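First comes the structure, then the notes that go with it.
All of these numbers come straight from a predicted model, not from anything done at the bench. Heavy-atom basis, side chains included; hydrogens, waters and symmetry copies ignored. A note on names: the letters A, B, ... follow the listed sequences, proteins ahead of strands, and every chain is numbered from 1.
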2 protein chains.
Amino acid sequence: MAISFTEENYLKVIHRLSEATSEDISTNAVAELMQTKAASVTDMLRKLADKGWVNYQKYQGVRLSAEGEKIALSIVRKHRLWEVFLVDKMGFNWDEVHEIAEQLEHIESDQLVNKLDEYLGFPKTDPHGDPIPSKDGILPELAYSHLSDIKATKTCKLMGVAQDSAVFLQLLTKLNLNLGAKLAIKEINEFDRSIFVSINDAAPIFISHDVAKNILVKILA
Amino acid sequence: MAISFTEENYLKVIHRLSEATSEDISTNAVAELMQTKAASVTDMLRKLADKGWVNYQKYQGVRLSAEGEKIALSIVRKHRLWEVFLVDKMGFNWDEVHEIAEQLEHIESDQLVNKLDEYLGFPKTDPHGDPIPSKDGILPELAYSHLSDIKATKTCKLMGVAQDSAVFLQLLTKLNLNLGAKLAIKEINEFDRSIFVSINDAAPIFISHDVAKNILVKILA
DNA sequence: AATAATTTTTAGATTAACCTAAAAATTTAA
DNA sequence: TTAAATTTTTAGGTTAATCTAAAAATTATT
Ligand SMILES: [Mn+2]
Ligand SMILES: [Mn+2]
Ligand SMILES: [Mn+2]
Ligand SMILES: [Mn+2]
């Protein structure tokens with residue numbers, strides 16, 4: 001069945017919201033991420049339900065069907081593969097690729113996606129540490145911790161970010177907080193929950209709680 | 001000013017038709033290439049004229065304005081650069097890339113286009129021998145001859161094709177008629193204008209006039 | 001449990017891109 | 001140079017995706 005860019009974006013947004021919860025997704029939540037009005041969302045949900053891509057009962061929220069999930073994952077796969085391409089092959093920085101990938105994710109050609117995957121060396125994650133769904137729609141769950149949840153004197157490795165915004169990513173770059181960076185937490189300040197941390201064994205600096213919340217890490221010791 | 005995929009495709013089609021003639025382009029000609037109805041074209045021409053991208057007087061046909069020409073060339077540039085990418089980097093055959101490039105040509109990012117250009121080594125032509133417009137909108141005129149116009153016993157080099165259809169390109173591949181092939185015309189048959197030609201010094205074969213019409217060559221001797 | 005606040009849906013419009021059928025203009029041919 | 005044929009435009013509709021405003025349903029608060 002034919003699918004429009006708009007429908008693809010709705011499915012992707014519902015998928016994203018579903019990752020954070022096991023509850024049904026509300027019309028308003030979709031409206032906010034789609035940057036549209038609730039009334040428009042209601043219309044679209046009925047349409048997506050007619051096409052069998054979501055399960056939707058009015059007033060009760062929405063969930064992806066198995067088929068909808070498959071479509072959403074294929075879009076996420078394309079988005080993240082293109083992001084890898086843009087960084088690894090085209091020399092973009094990690095804060096520059098999201099908007100372009102938002103366009104490229106709608107290019108329709110299974111052959112192209114699989115050739116791209118191969119060309120990139122079958123990457124497991126995108127430039128922000130997010131896992132790339134496999135050809136057959138399997139999305140590995142990478143269970144990382146938020147830096148804001150780690151206790152003092154622990155050491156960990158920066159594995160991903162919980163936000164793709166350019167301002168956030170640029171700040172991380174400025175602080176030398178790149179994927180793979182080694183973080184040694186020296187102290188956590190009770191007052192503002194800021195963290196005093198050494199990045200790659202350099203002299204420790206302060207990181208705000210707001211930043212730490214959006215940094216995903218693997219604990220080393 | 002914002003531009004839609006549809007508007008881009010109309011500008012591209014008007015540009016393509018304008019290359020073949022210095023006359024104004026007719027509504028019907030646009031309708032045929034756009035695979036739509038004349039009435040729809042009329043609507044769109046008025047809209048494109050309002051936006052300043054074409055000069056259009058009803059019943060008098062249409063021409064690109066300077067700005068429209070610039071937009072059309074930037075789309076052609078993207079189309080052809082992506083075709084090079086698909087063949088050179090992704091390993092597609094020349095008959096497989098046109099449809100995908102039709103999608104990729106609408107991706108909007110000057111930075112991406114220029115990085116792609118560099119990544120591909122600033123190619124001068126696409127996989128079909130068509131010239132690639134430069135960043136500042138200059139499209140070199142490659143004045144090649146149609147193989148069907150060459151006299152017998154001449155030798156020439158295959159420089160491009162006048163048609164992108166997959167069936168045509170697949171036939172050429174089957175006949176070993178690739179870009180750069182050396183063609184020695186042995187004889188032209190008056191009856192059906194078929195050509196008896198040696199490809200890369202192999203034993204001569206027959207090529208129909210219909211095929212020869214769509215092959216662009218440079219005369220060597 | 002009743003009322004108030006919030007969320008969601010419906011009703012009715014709008015815009016872009018397309019369509020068919022009919023009218024108007026242009027071109028070709030008698 | 002009329003008449004016929006062809007091309008192009010207009011008129012009036014359709015569909016997808018959106019909007020605002022009002023109504024209905026749900027959830028929260030007294
Ligand atoms: Mn992204
Ligand atoms: Mn990403
Ligand atoms: Mn092409
Ligand atoms: Mn081409």
Side-chain angles (χ1 to χ4, degrees), chain A residues 1-14 17-18 20-64 68 71-72 75 102-103 105-106 108, chain B residues 1-14 17-18 20-64 68 71-72 75 102-103 105-106 108:
Chain A
M1 196 180 319
I3 188 169
S4 68
F5 283 21
T6 306
E7 290 167 335
E8 291 192 344
N9 285 330
Y10 270 94
L11 292 179
K12 199 180 50 154
V13 157
I14 297 167
L17 291 165
S18 302
T21 172
S22 59
E23 315 261 294
D24 287 8
I25 306 305
S26 75
T27 300
N28 264 351
V30 174
E32 191 183 340
L33 275 199
M34 283 297 298
Q35 307 206 80
T36 186
K37 294 299 155 79
S40 309
V41 174
T42 300
D43 281 353
M44 182 55 84
L45 293 186
R46 206 145 42 73
K47 194 172 140 196
L48 295 175
D50 286 349
K51 294 198 171 192
W53 296 330
V54 302
N55 297 113
Y56 166 64
Q57 304 275 87
K58 21 153 145 173
Y59 292 105
Q60 306 306 278
V62 70
R63 250 170 211 286
L64 290 177
I71 297 170
I75 300 161
E102 285 292 312
Q103 299 180 59
E105 73 190 6
H106 301 292
E108 205 179 306
Chain B
M1 195 179 322
I3 188 169
S4 69
F5 282 22
T6 307
E7 289 167 336
E8 290 191 344
N9 285 330
Y10 270 93
L11 293 179
K12 200 179 49 153
V13 156
I14 297 167
L17 291 165
S18 301
T21 174
S22 60
E23 315 261 294
D24 288 8
I25 305 307
S26 74
T27 300
N28 264 353
V30 174
E32 190 183 341
L33 274 199
M34 284 297 297
Q35 306 204 81
T36 186
K37 295 299 155 82
S40 308
V41 173
T42 300
D43 281 353
M44 182 56 83
L45 293 185
R46 206 145 41 75
K47 192 172 143 198
L48 295 175
D50 285 349
K51 295 198 172 193
W53 296 329
V54 301
N55 297 113
Y56 167 63
Q57 304 274 86
K58 38 161 140 166
Y59 293 105
Q60 306 306 275
V62 70
R63 251 169 211 286
L64 291 177
I71 297 171
I75 300 162
E102 285 292 314
Q103 300 180 60
E105 72 190 3
H106 302 292
E108 203 179 307

(request) Sequence neighbours left out, what passes ring pair (Phe, Tyr, Trp, His ring centres under 6.0 Å) with A:F5? Give chain and number order. (result) A:H106, B:F5
(request) Check the distance between C:dC19's P and B:M44's CE and give it to me in whole angstrom. (result) 11 Å
(message) If I take atom CD in residue A:E7 and atom C1' in nucleotide D:dT18, what distance separates them, rounded to the nearest angstrom?
(response) 14 Å
(request) Nearest whole angstrom, please: distance from the C1' of C:dA16 to the CD1 of B:I3. (result) 14 Å
(message) According to salt bridge (charged side-chain N to carboxylate O under 4.0 Å, His left out), who are the partners of A:E23, at least two apart in sequence or on a separate chain?
(response) none
(request) Between A:S4 and A:K37, just flag the one whose closest nucleotide in DNA chain D comes earlier from the 5' side. (result) A:S4
Each nucleotide N or O in nucleotides 9-11 of chain D that has a protein N or O under 3.5 Å away: list the pair and distance.
residue, atom, partner, partner atom, Å
D:dT9, OP1, B:Y56, OH, 2.2
D:dT9, OP1, B:Y59, N, 2.9
D:dT9, OP2, B:T27, OG1, 2.9
D:dT9, OP2, B:T42, OG1, 2.7
D:dT9, OP2, B:Y56, OH, 3.3
D:dT9, O4', B:Y59, OH, 3.4
D:dT10, OP1, B:K58, NZ, 2.4

(message) For a quick check of understanding: with a heavy-atom distance under 4.0 Å over all strands, which category does A:F5 fall into, base, sugar-phosphate or nothing?
(response) nothing
(request) Could I get the full list of salt bridge (charged side-chain N to carboxylate O under 4.0 Å, His left out) partners for B:D24, not counting sequence neighbours? (result) B:R63
(request) Round to the nearest Å and state the distance from A:D24 atom CG to D:dT26 atom P. (result) 14 Å
(request) In whole angstrom, give the distance that lies between atom CE of B:M34 and atom P of D:dT8. (result) 16 Å
(message) Is there a side-chain contact between A:T36 and the phosphate of D:dC19, meaning an N or O under 4.0 Å from OP1 or OP2?
(response) yes
(message) I'd like to check the salt bridge (charged side-chain N to carboxylate O under 4.0 Å, His left out) partners of A:E102; sequence neighbours left out, ordered by chain and number.
(response) A:K12
(message) For a quick test of reading the model: is some side-chain N or O of A:N28 closer than 4.0 Å to OP1 or OP2 of C:dT6?
(response) no
(request) Using salt bridge (charged side-chain N to carboxylate O under 4.0 Å, His left out) as the criterion, list what pairs up with B:E7, not counting sequence neighbours. (result) B:K47, B:K51
(request) Provide, to the nearest angstrom, the distance between the CD atom belonging to B:E8 and the P atom belonging to C:dA16. (result) 16 Å
(request) Please answer whether the main-chain N or O of B:A38 pairs with a side-chain N or O of B:T42 as donor and acceptor at a distance below 3.5 Å. (result) yes
